[in-house]
Amino acid sequence: MLNLGILISGRGSNMEYILKSIKQKKIPINPVIVISNKSDAKGLEIAQKLGVKTEIIESNDFKGNKFEYDKKIIRVLEKYGVTPSNGLVCLAGFMRIISPEFVKKYKNRIINIHPALLPSFPGLHAQKQAIDYGSKYSGCTVHFVDSEVDTGPIILQAIVKIKKEDTEKTLSKRILKKEHQIYPEVIRLFAEKKIEVLGRKTIIS
Ligand code: GRF
């Protein structure tokens, strides 16, 4: 079975849904470690309650370059068996940009969730971006991570209708519900080796 490492920075609700799906035996993967770059991330306690080991690699006062920090993450991932040949790394609200070296080492083995229909509205405040733009629909995207921000091959998307009275908060809430459905689903597909990457595209069997 593959080993799963989850990287978080805060609330950890996507992580929670993923870990609960694994506990319910819906996903054949070993959740071996949750790593946070923030010591006060709420998700740390949730992971521990669900019986998953946690580590904090504080990024606040880190002075080196991105890869110097990522090397610390890689060291911990490898310690728990999340390797480029036997691991999957899921970013779940991890508020750091991953270095190209990290991406290259774990090629097509790092996955992220973004609260918009990529390639629209990458980056921060994606839900507000969609409202301000006047979009009628938004949603969420699970994608492989490449060396740019929110640009990697798309795996699964879910659509959410934007209501005229929506605020960033109300839309974020409805999108989050969809995130909680599609992220565990993608991890299941990955664990069952049902995702193939062909250039920019993914094929799901
Ligand atoms: C989610 O909206 C996710 O799409 C974005 O960051 C948020 C994380 O929320 N990347 P949580 O920590 O999983 O609750």
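Start at 1 and go down the list; that is how both ligands and their atoms are numbered. Position 1 is the first residue of the sequence, and the numbers go up from there. All figures in this text were calculated on a predicted structure; none of them were measured in a lab.
Contact between Thr54 and Ala47 at its shortest, heavy atoms only, is CG2-CB, 3.7 Å.
Considering backbone and side-chain N/O atoms, Asn112 never comes within less than 3.5 Å of an N/O atom of ligand 1. Ligand 1 has no N or O atom lying under 3.5 Å from any N or O atom of Gln127, backbone or side chain. For ligand 1, the polar-atom distance check finds no N/O of Met15 at less than 3.5 Å from any of the ligand's N/O atoms.
The closest approach between any non-hydrogen atom of Ile113 and ligand 1 is below 4.0 Å.
Shortest contact from atom 11 (P) of ligand 1 to any protein heavy atom: Ser13 N, 3.4 Å. Of all protein heavy atoms, the one closest to atom 12 (O) of ligand 1 is Gly12 N, 2.8 Å. Of the protein's non-hydrogen atoms, Glu179 OE1, 3.1 Å is the one closest to atom 3 (C) of ligand 1. Atom 9 (O) of ligand 1 has its closest protein heavy atom at Arg11 NH2, 3.0 Å. Scanning the protein for heavy atoms near atom 8 (C) of ligand 1, the closest one is Gly93 CA, 3.6 Å.
Side chains of Phe62 and Ile57 form no contact here, defined as non-hydrogen atoms less than 4.5 Å apart.
Between atom CD1 of residue Ile195 and atom OG of residue Ser205 there is a gap of 9.0 Å, rounded to the nearest 0.5 Å.
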> After noting the C-alpha distance and the side-chain angles of Leu19 and Met15, does the key distance pass the side-chain contact (heavy atoms from CB on, under 4.5 Å) rule?
Replying inline: CA-CA 6 Å; Leu19 294 179; Met15 175 212 71; 3.9 Å; yes

>> Would Asp150 and Phe121 count as a side-chain contact (heavy atoms from CB on, under 4.5 Å) here? Give the steps.
In response: CA-CA 9 Å; Asp150 299 328; Phe121 314 123; over 6 Å; no

>> I'd like to know whether Ile35 forms a side-chain contact (heavy atoms from CB on, under 4.5 Å) with Ile73, so could you lay out the CA-CA distance, the side-chain angles of the two residues, the decisive distance to 0.1 Å, and finally the verdict.
In response: CA-CA 8 Å; Ile35 303 172; Ile73 300 250; 4.2 Å; yes

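Between Glu55 and Lys72 there is no salt bridge, since no side-chain nitrogen of the basic residue lies less than 4.0 Å from a carboxylate oxygen of the acidic one.
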